[in-house]
Structures are given as C-alpha cells and as structure tokens.
Amino acid sequence: MTDDANAPWLIVGLGNPGPEYAGNRHNIGFMVADLLAERIGGKFKRAQKAQAQVLEGRLGPIGPANRRVVLAKPMSYMNLSGGPVTALRDFYKVPTAHVVAVHDELDIDYATLRLKLGGGDNGHNGLKSMTKSMGAEYHRVRCGIGRPPGRMQVADFVLKDFSSTERKELDWFVDRAADAVECLVTEGLERAQSAYNS
C-alpha cells in the first residue's frame, strides 16, 4: 500500500464569497461543500495558511473505506482559486490526484453530473486558475448548469441565481453531487463514474 492510499483528500467547492453570490449557478461547488460539511457534522473555519474556509473530518462508512478529508471553499473569488487550493494542498500534504474540484459546467445539461480526472478547463476560470497553479491532474465533479438562453452572455448567466424551475430540483442535485464526491473518495473514480455519470 503506497503512502498515497493513506493521504488525505482535499475537496474544493468552487464559488465566489459573499451573500450576493450565494445562490448563483457559479456557486454550486460551495453548495455541495456546505452539504458535505453538514454530513461530517462540522463547521467551516478560516484557514491559517490560505485564503479559504476549511473543515477537516472523515467521509464514508466506518472501516477501511473511511477517508480523511479536508473540505475547502476558497475565499479569493473564482478566478483566483488556484493560489488558496495549492497552499492547502501543500499544507495538508495532499497528492494532486487526491484533490477534487466541485464546479459548475456549462456544457452539460442542468442537474447532470460527470466525474473525471485531469483534462482541460473548458473556459472555467476556477479550473483555469487551479491548473495554472498545480497542473491538471486533479479530479473534477462537474455539475451541469446548461447553456445560457438566447443571447445571454455566459458571465451574466453563471452569476445569476438558479431559476424557479431549476430550484425545484436543486436540493436533489446538490445531494446527488455530494454523494458522488463521497463515492469518488471512498470507492474510486471508476465506481463513481459508473454510478453517477449520466
């Protein structure tokens, strides 16, 4: 068994800090991180070593699949996420392959999930910043938000709250995304993809 097998996981919910952004499509990563924090039964605290809120705990069933995790919400705004995430990765000695970014994804239909390891940033500023800071070989839990309607600009669309129709499914979607993160860290990518990629 390698050291990596026992290394902690760093689960990063991407979003923008501040109440004005809380319900935005761009903040679904924060929503998932908040639900995971509830499941762990802890509260986020300001990180000493990075511009982020963190919570240390354990995820998964009691036994060998139980994993030590650090939940994080960067407080730097989306396009500067890489600095805080890299600082946390280094501080907690997390291998890059044990970093999980939970983020909104335009090219996937609303309420659809896709999990993967590595790849491009697809124009997502949070991923762009993370990849520039630490390379691309981290996991992504991609939460589909769909494309903007008509001629609406992407920036306007992601910084708007979910529509009333979308909100009917939002709790279920966030819950499913949190389940997918748990499955990824406790059972591995292949198992999580077969269970949650839709």
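For this chain, numbers begin at 1 and follow the sequence in order.
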Are Q53 and L71 close enough, and set up right, to give a side-chain contact (heavy atoms from CB on, under 4.5 Å), and what steps lead you there? CA-CA 8 Å; Q53 290 186 349; L71 284 181; over 6 Å; no

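- Partners of H139 under the ring-ring contact (aromatic ring centres under 6.0 Å, His included) rule, at least two apart in sequence or in another chain, are W9.
- Not one N or O on the side chain of Y196 forms a donor-acceptor pair closer than 3.5 Å with the backbone of L113.
- Judged purely by distance below 3.5 Å, without hydrogens or angles, the side chains of D107 and N122 pair a donor atom with an acceptor atom.
- Taking both residues in full, the closest heavy atoms of M152 and D156 are given as CG-CB, 4.1 Å, listed atom of the first, atom of the second, then distance.
- Looking only at side-chain heavy atoms (C-beta outward), V99 and M130 come within less than 4.5 Å of each other.
- Through chains of ILVMFWY side-chain contacts below 4.5 Å, M75 is grouped with F30.
- In terms of modelled atom types and a separation under 3.5 Å, the side chain of N27 and the main chain of G15 share no donor-acceptor contact.
- Salt bridge status for R39 with D175: present, with a side-chain N to carboxylate O gap under 4.0 Å.
- Here the closest heavy-atom approach between residue M31 and residue N24 is recorded as CE-O, 3.6 Å.
- Counting only heavy atoms from C-beta outward, the side chains of R25 and F157 approach each other to under 4.5 Å.
- Atom CZ of R176 has more than 12 neighbouring heavy atoms from other residues, nucleotides or ligands inside a 6.0 Å radius.
- Contact check on D121 versus R140 returns no salt bridge, with no Lys/Arg side-chain nitrogen under 4.0 Å from an Asp/Glu carboxylate oxygen.
- Note on ring orientation: taking the six-membered ring where Trp is involved, the planes of Y110 and F162 are tilted (angle from 30° to 60°).
- Tested against R142 for a side chain to side chain donor-acceptor pair (under 3.5 Å), the candidates H124, E105, H103 yield a single pass: E105.
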